[in-house]
Amino acid sequence: MPMNAQGRPTASGSIDDAPRPTISGDRGLDHEEPLIFELGREGVAGVDIPEVQMSEERLGGLRRRGPIGLPGLSEPEVVRHYVRLSRMNYAIDAGLYPLGSCTMKHNPRLNEKLARLPGFADVHPLQPQQTVQGALQLISELMRWLTTLTGMPAVAMSPKAGAHGELCGLLTIRAALLARGDRRPRILVPSSAHGTNPATAALAGFTVDEVRATDDGHVDADALEDKLGPDVAAIMLTNPNTCGLFEPRIREMADAVHAIGGYFYCDGANFNAIAGRVRPGDLGVDAMHINLHKTFSTPHGGGGPGAGPVVLSAALAPYAPLPLLMHDGNELRLVEERGALPSELKPLGRMCAFHGQMGMFVRALAYVASHGADGIRQASEDAVLSANYILASLKDAMSAPYPGPCMHEALFDDSFLEGTGVTTLDFAKAMIDEGYHPMTIYFPLVVHGAMLIEPTESESKESLDRFIHVLRVLTEEAKAGKRERFEGAPKFAPRRRLDETAAARKPILRWRPPPLPQAAE
Amino acid sequence: MRYLPLTPDDRAAMLAKIGARDVDALFRDVPRSAVVSRDAFDLPDTQGELEVERALSRMAGRNVSAGSAPFFCGAGAYRHHVPAAVDHLIQRSEFLTSYTPYQPEIAQGTLQYLFEFQTQVALLTGMEVANASLYDGSTATAEAVLMAQRLTKRPKAILSCGLHPHYAETVETVAALSGEVIRAPIMPGRAEDLAELIDDRTACVVVQSPDVFGLIRDLKPIAEAAHAKGALLIAVVTEIVSLGLLEPPGTQGADVVTAEGQSIGNGLNFGGPYVGLFATRENFIRQMPGRLSGETVDAVGRRGFVLTLSTREQHIRRDKATSNICTNSGLCCLAFTIHLSLLGEEGLGRLARANHARASALAGRLSNIDGVELITPSFFNEFTVRLPKPAASVVDALAERNILAGVPASRLWPNERNLRDLLIVAATETVTDEDCDALVKALQEML
Amino acid sequence: MSETRYTDQHEWVRIDGDEATVGITRYAADQLGDVVYVELPEPGRSLGQGGEAAVVESVKAASEVYAPIGGEVTAANAAIADDPAKVNADPEGEGWFFKLKIGDSAELAKLMSAGQYADFLKGL
């Protein structure tokens, strides 16, 4: 019986429950990680670039004199540093990410693969156009999907994110008004709007006039119509709105603003609830941005990059920004200057250098082509169904200001926490200990202590049931006065609650080298 | 559909729990006449990975990629070698599929790399503070002009002729709403006298160095002239690798530095996504646009990072925000940060010197060709030559021979007839001796 | 003998002869949360009644502070600019924002007394 004669304990053993500080400061898989500037040393690099002989220096006498101050690290050190940082992040790949209004759906890896094809990733924006016909074809194909899905005749592709798309849309409205000699100053924005809406309106040179919400979570259409007048340039509505509700009087509001000669800008952040089922063009929308990083699954990447193409009505299409993509016989042509355009086109100018977020366009086209029109419709339905399932499963425990049905996100307020000593923030932080990213909290502003849950279509029923169970138990414990899970939560995250007050009072926005020790006299 | 986990049975059970007859009942607020059927969309049905990959690969195959030809294009976007570790790391799920770090306890990875990014940008540009990125160099420049208008309460922005024209047009789109934008007359290969354009209504002067023709500008006299009149100097850098070798704008008196960060960590991507860098003086931070990651401590005293000074931003300040920006270039700044960490002080210096040496040698060879004149006496990795015939026709003819020879000035200024013979040529470390031979030989034959 | 009046925007103003001291009320300070930043008017600046005079910010909120009455700014409280926590600690005392030389004391008639303001708060 040949064998390794040396046995070892294989049972789990007894547990000493009191966690004690480790020698290293790390705890198992939880590693602490210094700043990159606190690592490394002089004379090391993570790249091998040969030193060259500079035969002739032509720097105009402006050669750098001092060092930059960057640390030197080898490749394994850099890889380990960023891998360790990554492990301090929550991610949709790792768990349900129910941030309302943010649409954290699955990011298919096919999209990543295709965006890295050299024919897209390694192409310069100013190459001769005959060498980039495939890139232009891709943009043209995505434009066809976006205009068809929205029922709008035109789309401006260059805006780089949702807020940039809002700016583009409002500037086309401004240009259209100016073309008829009209300088209307006012834009109506509901109180439930995303902050970007009033910020963009102000940036585009308009004054913002707030329209209140009704008790059932909709824009007060009567109040809106009362505010309309010859000085109103546009209304700026989100539909479905930020309470997760479709605006039933949307067409009436569109007609009313058109009747006074204004335009209807729609914030398309929530288009994912209705894509494939409702066309914004049929609702009287004149301009709407589409967040490719929400509706069409391009990854959020910790805060970008996004892409915010803007679909435009026939009235606004002539003012779309440069560059424009035109068909020229069998070729596609990017037109980058006004002079080359027919006189009926009057582009408002340029939103940015080059032609928009190509890398995001590839991913978005891969997504819509994978889903197809039927799959996009099914995805919207599943997103709405999942949100309603959460609303129906939790509204007796938590408190829902609007009974539903909702669209793609379910809104709760904090009245179920009244008298418990637990706040919306505490509740959210307790979810972290349960392994979940919290929902969007304290937005929209029209609801007290708001909690906005958007499950998206990417969750299985088992996943939703487990999430609902956790929220129900948390709710019951809060109501029963058991505050242990809430006080000081999160306890199991890489950090406990952080002092945001101190961060804002004395901002430290960069690393600085520690002061050198004083030289001895 | 492979991305949708719910089964028909799941859907039926969920509808039963909701108490809805069918999914249509959930859309009851939608006017019936606004609901369209599947057939309303002239678009295909679901396709498998294989079919989608085939269709998109075919489109990709119709483009001439930079790596498949001798390649000399720049003018605001540059081809550099990006180490394999960069793309591997940014594709880690925890970076790729996380949201803006609104819950700092479970987003320290993002917040810490943003803090590192801010530090790197401040160090490179020689400025005190930097934000956590804007969309790209052009929009960052427009934001800087708006900030200067707010800080000085003056309307006028003066743009140097060497500012990339796409940047100038982007600035005009937004800054002309709140003030006026003056563009200096074009003088390729020379530094114009901007001092004479500055007056007491001037909020800022915007100068790019190396400029769009490649010329290196001395910012010190412009900074002095601007400051003497109470105006700010905004320095623009479209090729950020240049700061590995050149005096940074911060030590030359710039008040704001905006830059395109694409060159470090990010591919050409046909123009986007890129990463806008924005750095300035500490006493301007309350007027800065964009997110900021700041250092603090957690409840048990450990160092940690949070988004801070958010009262400048749209989600709190709404119509009084310093900018409407929300989503920025998160993953692109991560790529920048990792690549710059791999380079380090020594690697960046070597990279910058390799670029300059490559371009300097090529400029020498091209200017030896009969009829070709180098018009930028100083430059980093990009220079401009005057050809004896329109540059666009030369570039098109060379493209037929599979050489991407650079960007003709007429692509950027289609209406300036006196610029039509100018060719802007970039040579980075990715250009080989064989590439240069091919370009020189083809030009000799053609001119 | 000083007298304190209140606005419906939660500013208080204490009158001493022709000088007025302005701050935000305890209610406002509590609503904002920990104050992290204040921006104060320059002495010499002339303000109209209801005009934007100062800015007060917490981590998640920001608000303008309006001049309860018109007048010329004579002093700004540098102590709260250095240490904004003073606004939370003692909003109606050490945490004052700025002083004014009163322009038209008739404007005081539009403001609330302490009792009226307390009733006003109950109605919110």
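Letters A, B, ... mirror the listed sequences (proteins, then strands); counts begin at 1. All heavy atoms count here, side chains included; hydrogens, waters and symmetry mates do not.
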Does any backbone or side-chain atom of A121(A) lie under 4.5 Å from a heavy atom of chain B? Answer side chain, backbone, both or neither.
both

Looking at E247(B) and R63(A), is any side-chain nitrogen of the basic one under 4.0 Å from a carboxylate oxygen of the acidic one?
no

Is a side-chain donor-acceptor pair under 3.5 Å present for R79(B) with H124(A)?
no

L35(A) versus F305(B): any side-chain heavy-atom pair under 4.5 Å?
yes

Is any side-chain heavy atom of S98(B) closer than 4.5 Å to one of Y97(A)?
yes

Who among A202(A), P507(A), A163(A) has the most heavy-atom pairs with chain B under 4.5 Å?
A163(A)

Taking C-beta and beyond as the side chain, do Y82(A) and E116(B) meet within less than 4.5 Å on heavy atoms?
yes

Please tell me if the side chains of V36(B) and D282(A) come closer than 4.5 Å, counting only heavy atoms from C-beta onward.
yes

Salt bridge R87(A)-E94(B), side-chain N to carboxylate O under 4.0 Å
no

Any side-chain heavy atom of L70(A) within less than 4.5 Å of one from L340(B)?
yes

Residue pair R58(A) / S360(B), side-chain donor-acceptor N/O under 3.5 Å:
yes

Does V132(A) reach the side chain of R62(B), with side-chain heavy atoms less than 4.5 Å apart?
no

Between G306(A), A135(A), G60(A), G349(A), the one whose heavy-atom pairs under 4.5 Å with chain B are most numerous:
A135(A)

Tell me which of these, L138(A), L245(A), V83(A), has more heavy-atom pairs under 4.5 Å with chain B than the rest.
V83(A)

For chain B, find which of L348(A), L167(A), V278(A), L283(A) contributes the most heavy-atom pairs closer than 4.5 angstrom.
V278(A)

Below 4.5 Å, heavy atoms only, C-beta onward: do L203(A) and L177(B) meet side chain to side chain?
no

Could you check whether R318(B) and T196(A), counting side-chain N and O atoms only, form a donor-acceptor pair closer than 3.5 Å?
no

Does E105(B) pair with R496(A) as a salt bridge, N-O distance under 4.0 Å?
no

Using heavy-atom distances under 4.5 Å, tell me whether P71(A) contacts chain B through its side chain, its backbone, both, or neither.
backbone

In terms of heavy-atom proximity below 4.5 Å to chain B, should Q378(A) be classed as side chain, backbone, both, or neither?
both

In terms of ring plane angle, is the pair Y3(B) and H371(A) parallel, tilted or perpendicular, where the classes change at 30° and 60°?
perpendicular

Does either side chain, that of T296(B) or that of D499(A), offer a donor lying less than 3.5 Å from an acceptor on the other one?
no

Residues T97(B) and N107(A): side-chain donor-acceptor under 3.5 angstrom
no

Strictly below 4.0 Å, N to O, side chains only: are D87(B) and R116(A) in salt-bridge contact?
yes

According to the interplanar angle, ranging from 0 to 90°, do the rings of H164(B) and F354(A) count as parallel (below 30°), tilted (30 to 60°) or perpendicular (above 60°)?
perpendicular

Assess the residue pair E172(B) and R350(A) against the criterion (salt bridge (charged side-chain N to carboxylate O under 4.0 Å, His left out)); give the C-alpha distance rounded to whole Å, side-chain angles, the decisive distance to 0.1 Å, and a yes or no.
CA-CA 8 Å; E172(B) 280 172 340; R350(A) 200 174 245 292; over 6 Å; no

With no hydrogens and no angle check, do the side chains of Q133(A) and N63(B) hold a donor and an acceptor under 3.5 Å apart?
no

Side-chain touch L268(B)/V123(A), heavy atoms, less than 4.5 angstrom
no

E381(A)/R11(B) ion pair, N-O < 4.0 Å
no

Could you check whether N324(B) and T200(A), counting side-chain N and O atoms only, form a donor-acceptor pair closer than 3.5 Å?
yes

